[in-house]
There are 4 protein chains.
Amino acid sequence: MTELAAVKAALKTQAVETPSWAYGNSGTRFKVFAQQGVPRTPQEKLDDAAKVHEFTGVAPTVALHIPWDKVADYAALAKHAEDRGVRLGAINSNTFQDDDYRLGSICHPDAAVRRKAVDHLLECVDIMDATGSTDLKLWFADGTNYPGQDDIRARQDRLAEGLAEVYERLGEGQRMLLEYKLFEPAFYTTDVPDWGTAYAHCLKLGEKAQVVVDTGHHAPGTNIEFIVATLLREDKLGGFDFNSRFYADDDLMVGAADPFQLFRIMYEVVRGGGFTPEVAFMLDQCHNIEAKIPAIIRSVMNVQEATAKALLVDRAALAEAQAAGDVLGANAVLMDAYNTDVRPLLREVREEMGLDPDPVAAYRRSGWAERIVAERVGGEQAGWGA
Amino acid sequence: MTELAAVKAALKTQAVETPSWAYGNSGTRFKVFAQQGVPRTPQEKLDDAAKVHEFTGVAPTVALHIPWDKVADYAALAKHAEDRGVRLGAINSNTFQDDDYRLGSICHPDAAVRRKAVDHLLECVDIMDATGSTDLKLWFADGTNYPGQDDIRARQDRLAEGLAEVYERLGEGQRMLLEYKLFEPAFYTTDVPDWGTAYAHCLKLGEKAQVVVDTGHHAPGTNIEFIVATLLREDKLGGFDFNSRFYADDDLMVGAADPFQLFRIMYEVVRGGGFTPEVAFMLDQCHNIEAKIPAIIRSVMNVQEATAKALLVDRAALAEAQAAGDVLGANAVLMDAYNTDVRPLLREVREEMGLDPDPVAAYRRSGWAERIVAERVGGEQAGWGA
Amino acid sequence: MTELAAVKAALKTQAVETPSWAYGNSGTRFKVFAQQGVPRTPQEKLDDAAKVHEFTGVAPTVALHIPWDKVADYAALAKHAEDRGVRLGAINSNTFQDDDYRLGSICHPDAAVRRKAVDHLLECVDIMDATGSTDLKLWFADGTNYPGQDDIRARQDRLAEGLAEVYERLGEGQRMLLEYKLFEPAFYTTDVPDWGTAYAHCLKLGEKAQVVVDTGHHAPGTNIEFIVATLLREDKLGGFDFNSRFYADDDLMVGAADPFQLFRIMYEVVRGGGFTPEVAFMLDQCHNIEAKIPAIIRSVMNVQEATAKALLVDRAALAEAQAAGDVLGANAVLMDAYNTDVRPLLREVREEMGLDPDPVAAYRRSGWAERIVAERVGGEQAGWGA
Amino acid sequence: MTELAAVKAALKTQAVETPSWAYGNSGTRFKVFAQQGVPRTPQEKLDDAAKVHEFTGVAPTVALHIPWDKVADYAALAKHAEDRGVRLGAINSNTFQDDDYRLGSICHPDAAVRRKAVDHLLECVDIMDATGSTDLKLWFADGTNYPGQDDIRARQDRLAEGLAEVYERLGEGQRMLLEYKLFEPAFYTTDVPDWGTAYAHCLKLGEKAQVVVDTGHHAPGTNIEFIVATLLREDKLGGFDFNSRFYADDDLMVGAADPFQLFRIMYEVVRGGGFTPEVAFMLDQCHNIEAKIPAIIRSVMNVQEATAKALLVDRAALAEAQAAGDVLGANAVLMDAYNTDVRPLLREVREEMGLDPDPVAAYRRSGWAERIVAERVGGEQAGWGA
């Protein structure tokens with residue numbers, strides 16, 4: 001197999017999980033702009049997600065958010081997905097939208113609230129059993145707004161205790177992916193603010209616990225690809241929540257703000273042996289002002305383009321220049337791949353997969369956008385709160 | 001008059017405007033935690049604001065937000081305020097919560113939306129005429145989320161045009177205060193992102209246009225007191241929106257995150273001749289998880305404490321050390337004032353004003369907190385959307 | 001002329017000024033790593049700069065730094081440049097490397113130091129007269145390290161006074177380019193920290209005073225292309241100091257850290273009518289660990305590539321999508337240009353200009369690197385201090 | 001013992017180590033401003049450090065930097081210190097000022113350079129044996145400036161290997177303190193950029209390896225006290241390099257930029273059981289423009305003041321408010337301690353220790369400043385490079 005053929009083969013195996021909630025309405029604290037045709041049920045979210053997979057060929061699974069996607073019959077939901085050509089993916093917990101969680105969930109000073117939060121997480125594992133999902137994704141909004149508000153260290157103890165109980169409940173083939181975030185919605189401390197904290201907890205929990213890197217959850221100036229390389233070296237990289245940001249956790253389309261950074265991240269993934277099913281590549285974005293389905297298609301394509309460039313890096317030449325201490329030469333090898341226009345290559349890949357070479361155009365021609373606007377009338381649109 | 005007497009006299013003249021919306025519910029994009037006893041009407045917000053003034057003695061006016069505080073009869077509203085010992089303050093416009101404003105308001109690509117936004121601003125001036133407010137505070141959520149989404153420069157042209165029309169409408173003794181903000185809710189460009197942009201527009205508009213400094217609206221590392229000093233030097237400082245932040249626009253209680261910064265800002269205000277009624281000192285905060293009225297009382301006290309320290313700076317000694325190039329000596333003069341515990345002084349000031357020396361304790365004893373919880377049952381609580 | 005022909009024609013007119021000091025040694029506060037073959041005289045710097053122009057065809061001028069490039073006979077220096085195919089460019093002042101400048105130069109509390117600084121600036125204008133340079137580039141290291149150290153506002157007064165005196169001295173066809181910088185070497189206040197401060201001073205000085213944007217001199221998260229668009233709209237953009245940064249003022253090769261940002265900047269330049277000789281495009285970088293001449297060639301090429309992409313934007317399609325409020329469509333038009341591999345186009349441009357299509361390779365083949373190592377033996381290598 | 005007596009007793013046990021290099025000249029990449037009277041030898045640095053201890057009573061040890069403080073006879077150096085009332089402290093390695101280290105030291109692509117770096121570290125342990133120092137402080141300038149320049153992960157492997165060899169060499173009662181830093185002098189990757197990376201390495205090395213927190217080495221917005229609390233919880237906090245910053249690694253006097261942050265850090269130290277000799281409290285600052293000895297005295301006092309406030313926190317009241325979820329109440333307890341003017345208390349402490357209550361004034365009166373200016377004539381002043 002030629003090198004280009006190998007790149008193409010790799011690209012055909014790519015899988016980017018899309019999040020059910022990205023198909024619903026979202027916004028900022030100032031305003032949620034409702035869009036027409038937005039899904040009203042978990043099933044309709046799956047219908048939309050299936051369109052993304054239909055046109056891209058590399059978005060075969062859909063992450064669920066509990067309780068937003070709670071249903072009575074998960075087997076039926078899984079069947080609904082399967083009928084449309086997709087599968088249910090990671091289960092995402094929610095311990096931030098109940099009034100009880102004003103001061104935290106699993107780290108709350110009150111044991112009763114902690115109990116409630118842990119019970120919710122255990123319920124999520126039950127749902128994983130029902131859906132066949134392997135990944136429990138945990139993001140905690142826990143933290144404090146004011147110095148002194150709560151005891152930083154005691155909250156870590158509570159966190160460790162809660163995580164341990166959930167970890168024990170994980171079954172064969174199931175794992176826990178722990179996400180970190182610098183700030184928001186808490187504004188002084190966040191109980192899992194950085195990769196180091198997530199890593200330290202996962203290390204103690206065991207090998208079924210791994211870290212998730214959300215690309216928008218870092219302090220300004222953080223070198224994300226360094227974290228990716230480090231977590232892969234430690235065998236603790238569980239996956240990504242992809243999105244992009246100029247300022248804080250902007251949740252823009254991945255690759256929209258800094259495509260070079262996305263390429264560097266994907267290069268470290270490839271270089272570190274992380275381009276495998278063991279690392280979950282998920283989107284976690286908000287399409288506040290743009291059309292949602294085409295934005296998600298575009299996001300999936302952005303990940304593909306960055307991956308293609310990363311796969312095209314001439315690693316032998318790179319290693320040689322690096323070993324020689326040739327700063328400009330080594331940088332040039334990397335930039336050569338980045339500066340390549342990989343869109344023709346990806347069009348070929350799609351055609352070889354039996355897809356339209358232009359997913360956005362194909363989606364637009366499909367009439368789906370018009371159809372959902374026409375059909376999804378009445379009911380309550382899905383959003384972050386429902 | 002001794003120096004200390006002068007400081008006390010100055011502190012008694014202080015006026016901090018509280019915002020009507022801070023008495024209502026607020027939150028993050030993740031969750032708004034409703035609190036008991038929150039006002040349901042503009043009148044009830046004024047009732048709460050009056051309590052803050054009753055116990056602090058330095059919060060005599062209340063900013064309104066249109067349309068959140070829209071009423072049929074502003075004279076009656078003003079009378080309601082007056083009966084409780086406070087007055088109506090600045091009128092704050094809202095051009096971000098209507099579906100039409102998805103892509104902006106006064107900078108929107110569609111002239112019809114711009115017209116609507118400008119009409120709202122003109123209506124705000126009508127309301128100023130009715131309330132006797134002198135200040136129109138303008139904050140625009142306008143901006144873009146993605147590179148290329150709209151034309152940066154064309155949006156500036158539209159902004160200039162809209163502002164000019166509103167400026168023309170201002171009456172005698174009325175002015176326009178233009179706020180800037182780095183980001184949020186827009187995540188790529190903001191149409192008035194920094195003081196330079198606000199300043200450039202105000203300069204062209206004329207002397208009735210001035211800049212408002214919101215202490216949470218800057219890039220990390222920005223030296224806010226430098227901006228304050230510069231705007232005072234240019235006679236373009238219209239006022240402040242006080243709050244504090246660790247990360248982005250966290251909207252925590254002013255002085256909670258960096259009390260030394262607040263002191264430095266107040267020092268530049270005093271030094272630059274800005275401690276006068278011509279500069280509006282307003283709070284603009286969100287009390288998402290803490291009790292609102294005592295949080296606002298605490299915030300007003302934080303401004304007082306910073307001001308007291310700023311007034312205590314030995315300016316003659318400071319000037320002498322500065323002129324001598326004595327780096328450590330000059331810094332020490334400033335730090336001496338900052339390190340002073342001014343709480344005893346402020347207790348004296350309050351007692352001389354006929355107030356309880358401990359406003360928070362006095363408020364707690366007053367029974368107001370319990371009363372509003374008991375009485376404000378039913379109806380719709382005020383929040384950012386109402 | 002076809003559109004592509006127009007793009008090529010524009011690219012052939014491009015001019016990127018290289019700085020004499022980038023050919024000398026540089027480093028961080030921790031260590032300056034000396035390189036072999038580094039110039040020892042202003043003449044040798046020009047020799048190196050001429051090589052950059054010889055192989056790129058778009059680096060016809062060289063900025064000088066006074067006193068580092070002070071010579072007895074500027075006409076002879078100009079002739080030396082001309083003989084090698086380049087010209088002398090902007091004159092850069094230095095008011096930071098004399099012991100007297102410990103507490104500032106033009107803003108120093110001591111009038112005698114201010115006098116010395118202003119005299120140096122006036123001398124720089126004398127040198128402009130001698131070299132025929134049109135641009136006086138002013139960067140001030142002035143500022144303070146500690147709160148209280150000096151009076152912020154008084155320093156602004158001194159700055160204004162000093163600039164005014166220098167402005168008066170400018171002759172016909174000469175202008176003053178005022179640079180701003182957030183911090184370093186001063187760590188609390190910088191006397192010209194942001195574009196707003198530079199703009200306010202330039203506005204008062206008159207039309208011969210314009211602002212220079214150094215791409216590494218902003219707070220994290222600052223939208224530089226917004227500033228570029230705004231300054232062009234105000235007719236106050238004098239030029240650029242190009243470089244790139246991940247953290248602070250890293251002074252890496254332009255385009256190395258965020259090539260997408262460089263493209264967005266160049267797009268605003270083109271869109272705002274700034275791609276003209278009136279805007280000075282200069283490099284200001286440090287090649288601490290990489291070979292200097294090829295790094296500068298690579299930097300010039302990075303600017304070319306970003307410019308080519310900016311020129312390729314389908315502005316009619318962009319305007320249409322923007323006017324329609326098509327967020328994704330407008331973003332896609334911009335990204336189409338960015339994702340284009342313009343290297344083949346630039347190779348064509350070079351061949352049409354009679355140049356080697358690969359400047360770096362051509363430079364390597366030229367033997368210049370080996371020659372300067374062999375010949376430049378003895379003497380004192382040029383660096384930031386000489 | 002009353003509570004206040006306990007606070008005083010604790011304050012009398014405090015020990016802040018001062019760094020030998022802070023007594024020498026320092027600066028930025030733009031300029032090192034030499035000061036009169038600066039030490040020329042390690043012995044003279046100790047003489048100055050002894051003065052700091054003489055007047056503060058809490059600076060009993062002095063950190064050495066190798067090779068800057070290399071001497072033939074360390075026993076004699078230790079005796080020199082002892083004669084002046086101080087002791088030798090941590091040994092700081094230097095793997096950044098040799099030309100060989102252009103691309104790194106212990107992480108360099110070339111095994112020969114790595115060997116040299118490790119040998120230097122081993123030599124530092126030899127010196128520890130000679131001086132009786134217990135702490136080897138490791139800060140690596142290693143990193144890369146350009147994407148692709150070197151392999152991120154391979155560098156981690158090299159780092160781990162080098163550290164392991166040095167760790168093995170540590171004797172009884174000796175330990176290794178690993179420092180992290182976000183950036184500078186490397187501008188793309190730093191090989192130990194954050195606490196997580198340092199922690200992961202220390203964990204693998206064993207219990208003699210601990211993390212050092214330099215308060216200036218974080219990304220903007222990082223919550224340092226959270227890191228302190230976490231490292232104490234993990235028993236991996238080895239010590240501090242104190243200084244302060246507004247922007248990057250400004251190395252200003254500790255407590256000068258954000259005294260409230262320093263207080264919060266010291267509170268977590270006290271709360272987490274870290275106010276013991278097992279945690280090393282060291283200064284690492286640059287006094288570029290201010291007089292060095294009084295600046296160090298002032299810095300030591302700033303640490304004392306923050307510690308006093310931290311010790312004064314009413315922890316019972318705090319715990320009660322925290323447990324009750326009383327956000328404002330808990331914050332108020334912390335702020336009460338912070339707002340206390342502890343200078344009178346510290347004057348008492350000093351008097352009880354037989355010291356002058358005002359160390360800066362006592363130093364000024366001592367004539368030492370004048371004496372060293374008069375006596376230290378000729379020779380080469382100590383600086384970062386010597």
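Note that the coordinates shown come from a computational prediction; the quantities given were computed from them, not determined experimentally. Sequence lines set the chain letters: A, B, ... in the order given, protein chains first and strands last, and positions in each chain run from 1.
Comparing Gly272(A), Pro193(A), Ala198(A), Gly104(A) by heavy-atom pairs within less than 4.5 Å of chain D, the highest count is held by Pro193(A). With chain A as partner, the option from Ala200(D), Gly221(D), Ala332(D) having the largest number of non-hydrogen pairs under 4.5 angstrom is Ala200(D). Of the listed residues Asp151(D), Asn145(D), Thr189(D), the one with more heavy-atom pairs under 4.5 angstrom with chain A than any other is Asp151(D). Top candidate by heavy-atom pairs under 4.5 Å with chain A, chosen from Val333(D), Thr144(D), Leu232(D), is Leu232(D).
Applying the 6.0 Å contact sphere to CG of Asp110(D) captures more than 12 heavy atoms from other residues, nucleotides or ligands.
Both the backbone and the side chain of Tyr188(A) come within contact range of chain D, judged by heavy atoms closer than 4.5 Å. Only the side chain of Asn223(D) comes within contact range of chain A, with at least one heavy atom under 4.5 Å from a heavy atom of that chain. Interface residue Arg264(A): only side-chain heavy atoms are found under 4.5 Å from chain D.
With a 4.5 Å cut-off on side-chain heavy atoms, Pro147(A) and Phe260(D) count as touching.
Listed here is the closest heavy atom pair of Asp157(A) and Arg233(D): OD1-NE, 2.6 Å. Contact record, Pro220(D) with Ala219(A): O-CB, 3.6 Å, taken as the closest heavy-atom pair. Considering every non-hydrogen atom in both Ile152(A) and Ala229(D), the closest pair reads CG2-CB, 3.7 Å.
Note that the CZ atom of Phe226(A) and the OG1 atom of Thr190(D) stand 8.0 Å from one another [nearest 0.5 Å].
When the heavy atoms of residues 203-210 of chain A are compared with those of chain D, the residues falling under 4.5 Å are Leu203(A), Lys204(A), listed by number. Listed by sequence position, Leu318(D), Gln322(D), Ala323(D), Gly325(D), Val327(D) are the residues of residues 316-329 of chain D in contact with chain A, using a 4.5 angstrom heavy-atom cutoff.
Residue pairs meeting the side chain to side chain donor-acceptor pair (under 3.5 Å) criterion with at least one partner in residues 193-203 of chain D, sequence neighbours excluded, are Asp194(A)-Trp195(D), Trp195(A)-Asp194(D), Gln156(D)-His201(D), Asp194(D)-Thr197(D), Tyr199(D)-Glu234(D). Applying the ring pair (Phe, Tyr, Trp, His ring centres under 6.0 Å) rule to pairs touching residues 141-160 of chain D yields nothing, sequence neighbours excluded.
The backbone N or O of Gly148(A) sits nowhere less than 3.5 Å from a side-chain atom of Asn331(D) that would complete a donor-acceptor pair.
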